[in-house]
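Small disclaimer: the values here were computed from a predicted structure and weren't measured. Reckoned from all heavy atoms, side chains included, excluding hydrogens, waters and symmetry mates.
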Amino acid sequence: MTFDPFANHAAPQDKTPIEGGLVNATLPAATFSPTADNKVTLTFKAGAGYEAPWIVVHGANIDDAYEQIEGSGEKLASLMDKVARAANYFQTNYQPPAKPQGKPSFQGGKVQQQAQPSEGGYTCEHGARNYKNGGSWEAQFCGAPQGVPKAEQCPPLWKQKDGSFKAK
């Protein structure tokens with residue numbers, strides 16, 4: 001059985017006398033008086049993800065929140081448009097660093113990203129080299145399949161100050 005808190009519920013008719021009063025007695029109607037604790041927040045969100053822009057309207061109570069948005073349709077729509085354009089500007093111009101590609105693994109006490117295919121067309125006798133960015137260094141590693149002994153792999157190419165890659 002579900003209870004609808006917004007439905008009009010009739011007071012129980014069955015009153016049983018007990019010591020000191022009646023069980024299921026009709027209580028006086030509750031009154032609502034706005035106080036600082038009755039604040040209302042309206043949130044208009046442009047999408048489901050965290051990256052979506054929000055507009056938040058704070059009201060002292062329901063009437064105040066309603067009055068803030070009532071009759072301001074054009075201004076609210078304009079504000080939503082401006083917020084969406086500003087969010088788009090940020091998302092376009094301030095991209096976070098790309099997440100490492102490949103499958104993560106644990107090696108040498110650190111999480112390592114599996115090498116990704118080389119950008120820039122670097123190859124060796126085993127095929128396309130694999131690019132890896134270690135934060136303070138970047139290198140192109142031999143494209144030999146996993147399991148090929150290190151002695152049989154081509155030497156890595158290390159990124160130079162001019163942006164090119166060379167073997168040491």
**OP:** Heavy atoms only: give me the nearest Ala84-Pro53 pair and the separation to one decimal.
**Re:** CA-CG, 4.3 Å
**OP:** Output the distance between atom CD (Glu152) and atom CD (Glu125), rounded to the nearest 0.5 Å.
**Re:** 10.0 Å
Original post:
For Asp63, which residues count as a side-chain hydrogen bond (donor to acceptor under 3.5 Å, both in side chains) partner, sequence neighbours excluded?
Top reply: none
Original post:
When rounded to the nearest 0.5 angstrom, what distance separates OG1 in Thr123 from CG in Leu157?
Top reply: 9.5 Å
**OP:** Provide the closest heavy-atom pair for Asp64 versus His58 in the form atom of the first, atom of the second, distance.
**Re:** OD2-O, 4.2 Å
Original post:
Between Asn93 and Tyr89, is there a donor-acceptor pair closer than 3.5 Å when you use the side chain of the first and the backbone of the second?
Top reply: yes
**OP:** Treat each ILVMFWY residue as a node, draw an edge where side-chain heavy atoms are under 4.5 Å apart, and state whether Phe141 and Val148 are in one component.
**Re:** no
Subject >> Partners meeting salt bridge (charged side-chain N to carboxylate O under 4.0 Å, His left out) with Glu67 (sequence neighbours left out) >> reply: none
Subject >> Sub-4.5 Å side-chain heavy-atom contact between Ile55 and Leu79 >> reply: yes
Subject >> Whether Arg129 side chain and Gln140 backbone form a donor-acceptor pair below 3.5 Å >> reply: yes
Original post:
For the side chain of Glu74 and the backbone of Ser72, is there at least one donor-acceptor N/O pair under 3.5 Å apart?
Top reply: no
Original post:
Centre of Trp158's six-membered ring, under 6.0 Å away, within 45 degrees of the axis: is that where NZ or CZ of Lys168 sits?
Top reply: yes
Subject >> Check: Gly49 main-chain N/O paired with Lys45 side-chain donor or acceptor under 3.5 Å >> reply: yes
Subject >> More than 12 heavy atoms of other groups within 6.0 Å of Tyr66 OH >> reply: no
Original post:
What heavy-atom pair brings His126 and Cys142 nearest, and what distance separates the two atoms?
Top reply: ND1-SG, 3.1 Å
Subject >> Members sharing Trp54's hydrophobic cluster (side chains within less than 4.5 Å) >> reply: Val56
Subject >> Sub-4.5 Å side-chain heavy-atom contact between Tyr122 and Tyr131 >> reply: no
Subject >> pair Lys159-Trp137: side-chain heavy atoms closer than 4.5 Å >> reply: no
Original post:
Looking at side-chain heavy atoms only, is the closest gap between Asn133 and Glu138 below 4.5 Å?
Top reply: yes
Subject >> Shortest non-hydrogen contact between Val40 and Ala65, atoms and distance >> reply: CG1-CB, 4.0 Å
**OP:** Starting at CG of Asn88, measure out to CD of Glu51 and round the result to the nearest 0.5 Å.
**Re:** 12.0 Å
Original post:
How far apart are the closest heavy atoms of Cys154 and Cys124, and which atoms are they?
Top reply: SG-CB, 3.6 Å
